[in-house]
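The next block holds one structure in the form of structure tokens; read it before the comments.
Computed from a prediction, not measured in an experiment: that's the story for all the values here.
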Amino acid sequence: MEIELTAFYARLGAIALIMALGFCLGKFKLISTNTNKEITNLLLTVFMPASLFMAFPGTYDKASADLFFSGLLGGVLVMLMLIILAKLIFNQKLFGKELSYESQFGLVFNNATFLGYPIVSTTFGPNGILAYCGFIVAFNIALFSYGIWLFEHKITFKLIRSVIFNPNILAVILGMVLFLLNIHLPSFVTDAVGYIGGATTPLSIICIGFMLSQSKLFKVFKKWRLLVTALIQLIIGPLVTWGILTLLGFPTEVVQVCTLIEALPTATSLGLFAVKYGGNAVESSELVTISTLASIVTMPIMVMLLLG
């Protein structure tokens, strides 16, 4: 399978335009802070679950299942390794108490959901999507458990309950069950869910653009810790992923898909989580911006070194 960088740059360009729209809406007071919070809640409880549910193939076969479970196992291994590395690299002595958690989030969780799906689908086709679906199960379970813990800093019954009944995790589990049992929903149901899920990317990026409108952009690139965090995420993520999965003999499709995913910029959900769970929303959105811009340079290099 070959990597098509044109599609990647096209997606980044689209994201930049939508983010600029959110920025302008914030500057012209067409979106308020309360409105942004309400949209964030809708994204995390309605729109994102719909997009995750629709990521699964409609028809079951053994080869597809093998790729799916290989992607799932690869995702588990990658998530665990990145969590360990994030704790070691982004300690509070070097990065400060608050930013260390945002930086850890940035290394572990990238734009696998909002940007990963369209990039993988246009680059690798159906086989790539199967591996992606497996990876995204591990990714989202970690995102809505460990990702939330990074902001709340404690394990509570409420957190455990929120993980079990999180709409995003439930959507992933339901989609996986229907795929494995080869159950087909009526077309009007899948069409409706697909339409809802299709709003996830633009709404999430508009929210990020709004958060950027509340900060002073000229100061962003002067924050060395944000730049270092972005570069570490964009370089360490794909290197670790490629190394682990290649060493353990995973299928080529899984190695390439997961490595490409880890070369993507920091998750836009970092800014959304910071708003919802009380993190540093401004610096989180700034980190997303820096990572997205830096990925224009680092992503082709990682692809040439690891997948060329």
Side-chain angles (χ1 to χ4, degrees), residues 11 14-26 30-56 102 105-106 108-119 132 136-137 139-152 159 162-175 192-214 261 264-289 291-292:
R11 295 291 177 180
I15 286 176
L17 288 176
I18 299 172
M19 191 177 296
L21 172 61
F23 181 87
C24 293
L25 292 175
L30 295 176
I31 295 180
S32 66
T33 301
N34 288 334
T35 301
N36 188 61
K37 289 182 178 180
E38 291 171 353
I39 295 175
T40 298
N41 284 330
L42 285 174
L43 277 167
L44 296 177
T45 57
V46 178
F47 295 103
M48 192 184 298
S51 66
L52 295 175
F53 176 79
M54 292 304 298
F56 287 89
E102 276 79 355
F105 188 104
V108 177
F109 304 109
N110 65 0
N111 218 329
T113 300
F114 296 147
L115 185 59
Y117 181 81
I119 290 295
Y132 168 84
I136 212 67
V137 172
F139 179 90
N140 278 285
I141 290 176
L143 176 64
F144 291 101
S145 56
Y146 183 73
I148 294 175
W149 179 86
L150 279 174
F151 289 99
E152 296 196 334
L159 175 59
S162 68
V163 172
I164 295 174
F165 295 103
N166 186 282
N168 297 273
I169 294 179
L170 291 177
V172 169
I173 293 174
L174 179 59
V193 177
Y195 295 149
I196 295 171
T200 301
T201 297
L203 283 178
S204 64
I205 299 171
I206 285 175
C207 287
I208 297 299
F210 168 81
M211 285 183 279
L212 284 174
S213 71
Q214 308 303 298
I261 290 173
L264 297 175
T266 296
T268 53
S269 56
L270 170 57
L272 303 180
F273 274 44
V275 171
K276 185 174 179 65
Y277 300 111
N280 190 326
V282 173
E283 291 201 336
S284 293
S285 59
E286 291 172 345
L287 176 57
V288 172
T289 300
S291 179
T292 300

- Message: Using side chain to side chain contact (heavy atoms under 4.5 Å, CB included), reason through I141 and Y146 one step at a time and then give a plain yes or no.
- Response: CA-CA 8 Å; I141 290 176; Y146 183 73; over 6 Å; no
- Item | Backbone of I31 reached by a side-chain donor or acceptor of N36 within 3.5 Å |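 It does not hold such a pair.
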- Task: Ignoring hydrogens and angles, tell me if any N or O in the side chain of S204 forms a donor-acceptor pair with the backbone of T200 under 3.5 Å.
- Result: yes
- Specify whether F109 and F139 have parallel, tilted or perpendicular ring planes, treating 30° as the upper limit for parallel and 60° as the lower limit for perpendicular. perpendicular
- Under a 4.5 Å cut-off applied to non-hydrogen side-chain atoms, are L21 and L25 in contact? yes
- Message: Using side chain to side chain contact (heavy atoms under 4.5 Å, CB included), reason through L30 and F210 one step at a time and then give a plain yes or no.
- Response: CA-CA 10 Å; L30 295 176; F210 168 81; over 6 Å; no
How many angstroms lie between [atom1] in [X] and [atom2] in [Y], if you round to the nearest 0.5 Å?
X: S213; Y: M19; atom1: OG; atom2: CE; answer: 11.5 Å
X: N140; Y: I173; atom1: CG; atom2: CD1; answer: 11.0 Å
X: I136; Y: I261; atom1: CD1; atom2: CD1; answer: 6.0 Å
X: L287; Y: T266; atom1: CG; atom2: OG1; answer: 4.5 Å

Which atom names give the shortest non-hydrogen contact between [X] and [Y], and what distance separates them?
X: F105; Y: L143; value: CZ-CD1, 3.5 Å
X: L44; Y: F144; value: CD2-CE2, 4.2 Å
X: A267; Y: N110; value: CB-O, 3.0 Å
X: I196; Y: V46; value: CG2-CG1, 4.0 Å
X: F53; Y: V193; value: CD2-CG1, 3.9 Å
X: P265; Y: S291; value: CA-OG, 3.2 Å

